[in-house]
Amino acid sequence: MTDTRKPVESMLTDYDIFEPSFVANPYPGYSEIRESECPIARTERYEGSWLPTRYEDVVALAQEYEIFTSRGILVMPPPPGQAEGAYGGVAAPPITSDPPDHHWHRRLILPVFAPQAVAKYEQSTRDLCNALIDEFIDKGTADAAADYAQHIPVRVISNMLGVPLDMEETFTGWVRGVLENMHDMELRKRSRLAIIEYFLAQVEDRKTNPRENDLISELMNTEVEGKKVPIEYVLGVCNLMLVAGIDTTWSAIGSVMWHMAQHPEHRKQLRENDDLWPTAIEELLRVYAPVTMARIVDRDIEFQGCPMKAGDRVLMAFPAANRDPRQFENPDEVILDREHNRHVAFGSGIHRCAGSNLARLEVRVALQTWLKRIPEFELVDPATVTWAGGQVHGPRSCMVKF
Amino acid sequence: MKVSVDMGSCHGHQMCAIAAPEVFGSDELGNAKVLIEGDLPTELEGKARRAEANCPERAIIISE
Ligand code: HEM
Ligand code: SF4
């Protein structure tokens, strides 16, 4: 495909989050903005947005949820007519909710993701990682992104929701349609509708064939103030599980594999010191934070000297915040036992990732299982690694040999 | 040294429990739960300080 986009004139006034070199490696661009006199950049591309890059600013914005609302959380505007169209009322609670509803939208799902609740997925996640490795271990080469990382979260989520595992490829396609190919408005619309229609059918099926122990059934039976929750909420949470739980985690696992392929000293450290794992996972999440979320400005306001207008989009660049030297010493360096790490890979404030304990478990188990079976491995060719970016950053193909 | 958590600011990052599992755990929502009421044993003070330094919401309060 030839790239027809117009060249970026200046990161400060014309950034393009979908420009291929920025997608592959956004960190130099973030630094350029962060260390300039104008650490909140502006672009008119994609209907315009602001890009704060300093830790302090990103965290401050996240706290001001009344001004910076979650009416729109994608880094590009929605396809025209989506809100009025079929199932216009189905969003992705709680990520797309604002207070006061946000409170119960979040409250209802939190117990499902508490550390003690997600621990029960550890063994099945390990088994599934082992099964994936069985497929390629004898070949001496594998795509750590496409043959490994990509399959893990989607299977874990399918298992939680109680839907058949053979939906894996379809789910992956839908999620990429919504999150990775944002310019293709038709594909986005189609993918979103396909998700909603699929889960509507799942709900209908459970009405005639009740089940136990799956999240869809649990949601259907949940009551708030004596009334069953509305169907839009049930469908919205299912939608959220796909869009928030799959691409994000797969990207994190992929980046971690890419890093480890190039750092034998870190593989060795982890092999030799079991106690290192908890801080190591946080450090890897800090450095390779995959997710950028948007906010919509509620009313005209000046933030850090920037004249923001009602309706403007602000991109919460958590990956940029996580490498701010004002907050982290040697921010571009991976220090597996980093002492002070208030990273915001999972966001900050009321929308902070509800699935983080599950995400951490998946990243840890994926890496542990791989290192146990394939302790030594390296990139086949750094130049052939491909990346997705914009909203969710991570490798999509990453060939390694062992 | 005593620790407490401002539950209004805690949003369940669980970084405290990662840094100091003896001192912080999780309630049923995944938000922080202080496991040791009253004075901490001295050998846990370092870990508790580390937990404080890892909380992204600055929700942990340490009183000497
Ligand atoms: C490494 C993987 C992941 C990363 C980096 C990540 C990151 C994030 C971020 C940055 C937010 C904040 C959104 C905002 O401020 O608007 C968020 C919210 C959320 N994430 Fe994750 N996420 C990950 C995995 C997951 C998983 C596996 C699930 C569940 C299956 C999940 C469920 C959620 C939910 C429910 C919210 C919304 C919380 C709210 O609005 O109250 N995430 N995530
Ligand atoms: S690290 Fe802070 S916000 Fe997170 S659970 Fe602990 S006290 Fe709460």
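So that the names make sense, note that chain A is the first sequence line, chain B the second, and so on, each numbered from 1.
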Just checking [X]: does its [atom1] atom have more than 12 heavy atoms from other residues, nucleotides or ligands closer to it than 6.0 angstrom?
| X | atom1 | answer |
| --- | --- | --- |
| A:His340 | NE2 | yes |
| A:Glu272 | CD | yes |
| A:Tyr65 | OH | no |
| A:Glu329 | CD | no |
| A:Glu212 | CD | no |

>> side-chain contact (heavy atoms from CB on, under 4.5 Å) for B:Met15 and A:His343? Distances and angles first, verdict last.
In response: CA-CA 9 Å; B:Met15 306 285 282; A:His343 78 78; 3.5 Å; yes
> Which of residues 106-114 of chain A have a heavy atom under 4.5 Å from any heavy atom of chain B?
Replying inline: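 Checking residues 106-114 of chain A against chain B gives A:Arg106, A:Arg107, A:Leu110, A:Pro111, A:Ala114.
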>> Less than 4.5 Å to any heavy atom of chain B: does that hold for the side chain of A:Asn341, its backbone, both, or neither?
In response: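 Contact with chain B: backbone and side chain both.
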>> Please classify the contact between A:Glu339 and chain B as side chain, backbone, both or neither, with a heavy-atom cut-off of under 4.5 Å.
In response: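 It is both, since atoms from each part get that close.
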> Looking at A:Glu282 and B:Ile18, what are the two nearest heavy atoms and their distance?
Replying inline: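 Scanning both residues, the minimum pair turns out to be OE2-CD1, 3.4 Å.
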> Between A:Gln116 and B:Ser26, is a side-chain contact (heavy atoms from CB on, under 4.5 Å) present by the stated rule, with each step listed?
Replying inline: CA-CA 8 Å; A:Gln116 47 293 21; B:Ser26 146; 3.1 Å; yes
> Will you find, in the side chains of A:Ser356 and B:Gln14, an N or O donor that is under 3.5 Å from an N or O acceptor?
Replying inline: no
>> If I take atom NE2 from residue B:His13 and atom OG from residue A:Ser348, how far apart are they, to the nearest 0.5 angstrom?
In response: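 Result: 5.5 Å between the selected atoms.
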>> Checking an interface table here. Which of residues 48-64 of chain B come within a heavy-atom distance under 4.5 Å of chain A?
In response: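 So the qualifying residues are B:Arg50, B:Glu52, B:Ala53, B:Asn54, B:Cys55, B:Pro56, B:Glu57, B:Arg58.
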